[in-house]
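Data first, discussion second: the structure below is written as structure tokens.
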Amino acid sequence: MSGALRGMWHFSFTVADIDRSVAFYRDVLGMTLVHRQVQSNEYTRRLVGYPDAELRVAQLAIPGQDRSHSTHDLELVEYVVPRGEPFGPERHRPGAAHLAFCVSDALAEHRRLSDLGVVFVSPPQEITAGVNRGGYTCYFLDPDDITLELVQPPASRIP
């Protein structure tokens, strides 16, 4: 890797209710809760740009995933102060993001998550073009309508 970048540290989503989100990512998706904390200090307030900020934070990891420099893959942040309005599920809006999870069987995982009440944008779709041709993918929503994706790569992309 050239330049100043050395790797990915983590990905983060702002959520409305940290307890509900931890339960979803841990109990439904199977991530491991690494750490929880309240951040109500001067450096955090300077970092996020809100002079009265108070955050509840949870860090989660995908079991077995190499995280390189960090101890976690996903950070969930609830702004206790200041509270914000939901962004909404509109994936076409500039600034919208999504997180894709690699799975070995997208159809089976879709069935399992659907049985648990997870809302899907679509069932798994066969990827018919591009470098992932022969795989499957689908979008689904977390409790805050954040778009997530299941990706079953084609056999040619699995090391």
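- Counting side-chain heavy-atom gaps under 4.5 Å among Ile, Leu, Val, Met, Phe, Trp and Tyr, the cluster of L47 also holds V48, Y50, L55, V57, V77, Y79.
- Atom OG1 of T137 is separated from atom CG of L150 by 7.5 Å, given to the nearest 0.5 angstrom.
- V38 forms part of no hydrophobic cluster, judged by ILVMFWY side-chain heavy-atom separations under 4.5 Å.
- Listed by first then second residue, pairs satisfying salt bridge (Lys or Arg N to Asp or Glu O under 4.0 Å) with a partner in residues 143-155 read R20-D144, not counting sequence neighbours.
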Apply side-chain contact (heavy atoms from CB on, under 4.5 Å) to F24 and I146, showing your working. CA-CA 12 Å; F24 177 82; I146 295 170; over 6 Å; no
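- In terms of modelled atom types and a separation under 3.5 Å, the side chain of R91 and the main chain of P89 share a donor-acceptor contact.
- Closest approach of A53 and P82 over heavy atoms only: CA-CD, 4.3 Å.
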Show your working on side-chain contact (heavy atoms from CB on, under 4.5 Å) between V151 and C102 and close with a plain yes or no. CA-CA 5 Å; V151 177; C102 184; 5.5 Å; no
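- Across V22 and A58, no two heavy atoms sit closer than the pair CG2-CB, 3.5 Å.
- Within the 4.5 Å cutoff, no side-chain heavy atoms of E54 are placed close to those of T44.
- Every residue meeting the ring-ring contact (aromatic ring centres under 6.0 Å, His included) condition with F13, not counting sequence neighbours, appears here in chain and number order: F11.
- Residue pairs satisfying the ring pair (Phe, Tyr, Trp, His ring centres under 6.0 Å) criterion with at least one member in residues 81-103, sequence neighbours excluded, are listed as follows: H98-Y139.
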Decide side chain to side chain donor-acceptor pair (under 3.5 Å) for R45 and S40; before the verdict, give the C-alpha distance in whole Å, the side-chain angles of both, and the deciding distance to 0.1 Å. CA-CA 7 Å; R45 292 177 179 129; S40 183; 2.9 Å; yes
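- In this structure, the side chain of D73 engages the main chain of I62 through a donor-acceptor pair within 3.5 Å.
- Hydrophobic cluster membership is shared by L99 and M31, with clusters built from Ile, Leu, Val, Met, Phe, Trp and Tyr side chains linked at under 4.5 angstrom.
- Residues meeting the ring-ring contact (aromatic ring centres under 6.0 Å, His included) test with H35, sequence neighbours left out: none.
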Residues L113, L29; criterion side-chain contact (heavy atoms from CB on, under 4.5 Å); working and verdict: CA-CA 8 Å; L113 294 174; L29 295 186; 3.9 Å; yes
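- No side-chain donor-acceptor contact under 3.5 Å links T32 to the backbone of V34.
- Within the 3.5 Å criterion, the main-chain N or O of S21 finds no donor-acceptor partner in the side chain of R26.
- Applying the salt bridge (charged side-chain N to carboxylate O under 4.0 Å, His left out) criterion to E90, with sequence neighbours excluded, gives R93.
- Here V81 is tied into one hydrophobic group with V80, each link being a pair of ILVMFWY side chains closer than 4.5 Å.
- When the side-chain hydrogen bond (donor to acceptor under 3.5 Å, both in side chains) test is applied to D19, the partners found at least two apart in sequence or on another chain are R36, R56.
- Scanning all heavy atoms of the two residues, the minimum distance from Q59 to T71 falls at OE1-OG1, 4.4 Å.
- The side chain to side chain contact (heavy atoms under 4.5 Å, CB included) search around D105 returns L107, A108, Q152, not counting sequence neighbours.
- E126 is linked by a side chain to side chain contact (heavy atoms under 4.5 Å, CB included) to T128, Y136, counting only residues two or more places apart in sequence or in another chain.
- For F140, the ring-ring contact (aromatic ring centres under 6.0 Å, His included) partners are F120, not counting sequence neighbours.
- Atom CZ of R133 is surrounded by 12 or fewer heavy atoms from other residues, nucleotides or ligands within 6.0 Å.
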